[in-house]
Amino acid sequence: MAQFMELAEVFEELEKIASHKEIVRKIADLFLGLEGKEVRDSAYLFLGSIGPAFENPTLGMGDKLALKAIAGAYGVSEEEVKERYARTGDLGDVAFELNRKGEGNSLTIEDVFSRLNEIKKATGKGSQDEKIRLLSEILQRARPEEGKYILRITLGKLRLGFGDQFLLEAFSIAFAGDKKYLGRIKESYSVCTDIGELAEALARYGPGELGHFSIRLGRPVKSMLAQRVEYFEELEKRIPGEKAAEEKYDGERVQIHKNGNEIQAFSRRLENITSQYPDIVEAIRKNIPVDKVIIDGEIIAYVQKGEDSTEEFHPFQKLMQRRRKYEVEKYTEILPVAVFFFDILFLEGKSLLKEPYPKRRSLLEEQVKESGIIRLAKRKVTESLEEIEEFFNDALEKKLEGIVIKSMDNDSIYEAGKRSWFWLKWKAEYAKGMRETFDLVIVGKYYGRGRRKGSFGALLCAALNQEEQRFETFTKVGTGFTDEDAKEIDNLISGHIVPEIPKNVVIKNRMLPDIFIEPAKVIEVLGMEITESPGHTAGEGKGETGLALRFPRFLRIRRDKGPYEATTVKEIRELKERT
Ligand code: AMP
């Protein structure tokens with residue numbers, strides 16, 4: 001049975017060491033001498049805890065109670081403990097000073113670990129006194145160095161200055177003989193996120209155990225994350241052909257584990273956040289009938305607007321009001337949330353991590369009944385980058401931050417804990433950063449489709465080619481309009497509808513609008529990037545490809561301008577060359 005003193009001594013040494021390599025070596029040496037459950041318990045203790053984050057391992061003891069325990073253990077007044085605390089700023093140091101115990105018997109790791117667990121488990125009426133008694137008693141038995149660290153761990157203030165990655169390195173050396181297993185240990189840790197369980201398995205079975213870890217109910221896996229791309233076309237380069245664009249919700253990542261009646265929610269940091277979202281738990285109970293399932297999604301605060309119940313989403317900061325201990329129920333009313341599920345990781349006893357995304361998505365759709373606050377991430381599957389751009393513009397219109405593009409390939413597995421190239425994120429701020437406005441001529445109108453069916457769709461807009469005295473299309477604007485704007489524009493253009501493409505307008509077949517409008521009305525449009533585009537005609541000819549304005553947004557109607565005062569193709573080309 002290993003002594004807690006061994007741990008305490010290593011903790012003391014580690015506080016003084018700065019070298020990464022030396023720290024890892026020291027930890028590895030210690031773990032080499034431990035066995036079985038001691039390995040597991042020590043792994044938690046090194047991180048200043050008594051269990052994995054998802055088990056909420058806090059002991060529920062603050063300074064006030066600890067102060068009483070110290071006074072009781074060493075027979076001094078609370079006043080004296082307070083004075084010493086004011087001087088040292090650390091109750092661990094205070095306990096160290098007051099403890100007069102000499103060389104006598106030390107505690108075992110097991111003694112300390114099980115006592116800390118008892119402290120945690122004391123809840124309800126009279127539990128504060130019980131916690132004080134339990135801590136006080138073990139402090140009496142502890143040597144000074146031991147007492148110091150018992151206190152720091154109890155208060156959640158061990159702070160040795162390193163995190164779980166150092167431990168993983170040490171495990172590689174201690175249990176696999178060298179650092180070459182580190183990569184595989186990290187991979188296992190993404191699936192088995194309980195560092196104690198991982199350490200114990202490695203100690204017992206060696207590196208052969210790696211790869212055997214599987215996703216399990218009650219133990220969240222690390223979230224898969226998206227890579228970012230530098231420019232829009234990179235989406236096509238990284239994921240050629242058919243792909244899925246999903247709306248990107250800027251809220252809180254959540255992994256839901258449903259095991260019969262027991263429903264748990266885990267955050268991206270793998271903390272148990274179930275108690276914050278009673279509304280979501282309730283809705284899952286109703287709308288996800290399957291017995292055993294793990295699903296992945298994003299919780300977002302939202303506002304429902306207007307009669308047609310269009311939605312707008314609140315930014316992440318707002319959702320953080322739901323991070324509370326008290327008045328949780330009240331806040332489910334004050335700040336309603338929805339959860340958008342986009343992945344399924346486990347179903348009826350079977351891991352789905354190695355299944356490709358299209359299969360996972362269809363299983364997800366089978367299991368999740370959309371209703372009220374339970375939703376599926378909205379998506380569009382397409383080969384066309386243009387359609388993705390439109391989907392992106394629609395997302396911005398709803399005040400979302402962007403989209404996530406997902407590979408549909410056979411190898412598109414769920415890469416737990418990785419920033420994966422199977423998922424790419426694209427946000428408004430990634431666009432090249434130009435923010436220019438253009439005065440463009442309306443030459444066509446598209447009807448609303450999908451969500452906007454029956455309402456305002458988009459306008460095809462052109463720039464003026466001065467030399468040729470004609471209008472060449474430059475962008476299709478579908479966002480930024482209020483309902484009033486839409487009505488006003490419909491009024492303005494109603495007198496200018498023509499049956500075919502006007503002679504002085506050049507439109508590519510693939511851009512043909514539902515209605516042609518003769519050049520007469522000008523609107524101001526904000527855009528973020530000018531790109532070469534086979535779809536538009538602005539500046540096309542003489543060996544040049546047409547130019548297009550990317551991520552356009554309607555700003556206002558320019559009643560003061562006529563079509564021949566619109567932004568010219570020449571100006572656009574110059575701007576493109578400058579930016
Ligand atoms: P970021 O935090 O900017 O790296 O973006 C990745 C995060 O976007 C993920 O961790 C999720 O929490 C969040 N997210 C929102 N919507 C989706 C979606 N449809 N698919 C994947 N991740 C999403």
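Both ligands and their constituent atoms are indexed starting at 1 by order of listing. Since this is a predicted model, take the numbers as computed values, not measurements.
A salt bridge is absent between Glu390 and Lys380: the closest approach of a Lys/Arg side-chain nitrogen to an acidic carboxylate oxygen does not fall below 4.0 angstrom. For the pair Glu386 and Lys476, the salt-bridge criterion is not met [side-chain N within less than 4.0 Å of a carboxylate O].
Between Phe342 and Tyr249, the distance separating the two ring centers is not shorter than 6.0 angstrom.
A tilted orientation is assigned to the rings of Tyr302 and Phe313, their planes being inclined by 30° to 60°.
The two residues Lys243 and Pro240 make their nearest non-hydrogen contact at NZ-C, 4.0 Å.
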Hey, what polar pairs (N/O, under 3.5 Å) does ligand 1 make with protein?
{"residue": "ligand 1", "atom": "2 (O)", "partner": "Arg268", "partner atom": "NH1", "Å": "3.4"}
{"residue": "ligand 1", "atom": "3 (O)", "partner": "Lys248", "partner atom": "NZ", "Å": "3.4"}
{"residue": "ligand 1", "atom": "3 (O)", "partner": "Lys425", "partner atom": "NZ", "Å": "3.0"}
{"residue": "ligand 1", "atom": "3 (O)", "partner": "Lys427", "partner atom": "NZ", "Å": "3.3"}
{"residue": "ligand 1", "atom": "4 (O)", "partner": "Arg419", "partner atom": "NH1", "Å": "3.3"}
{"residue": "ligand 1", "atom": "4 (O)", "partner": "Lys425", "partner atom": "NZ", "Å": "2.6"}
{"residue": "ligand 1", "atom": "5 (O)", "partner": "Lys248", "partner atom": "NZ", "Å": "3.0"}
{"residue": "ligand 1", "atom": "8 (O)", "partner": "Lys248", "partner atom": "NZ", "Å": "3.2"}
{"residue": "ligand 1", "atom": "10 (O)", "partner": "Arg253", "partner atom": "NH1", "Å": "2.8"}
{"residue": "ligand 1", "atom": "10 (O)", "partner": "Arg268", "partner atom": "NH1", "Å": "3.3"}
{"residue": "ligand 1", "atom": "12 (O)", "partner": "Glu298", "partner atom": "OE1", "Å": "2.4"}
{"residue": "ligand 1", "atom": "16 (N)", "partner": "Tyr249", "partner atom": "N", "Å": "3.1"}
{"residue": "ligand 1", "atom": "19 (N)", "partner": "Glu246", "partner atom": "OE1", "Å": "2.9"}
{"residue": "ligand 1", "atom": "19 (N)", "partner": "Glu247", "partner atom": "O", "Å": "3.0"}
{"residue": "ligand 1", "atom": "20 (N)", "partner": "Lys406", "partner atom": "NZ", "Å": "2.9"}

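Residues that satisfy the ring pair (Phe, Tyr, Trp, His ring centres under 6.0 Å) test with Tyr277, not counting sequence neighbours, are absent from this structure.
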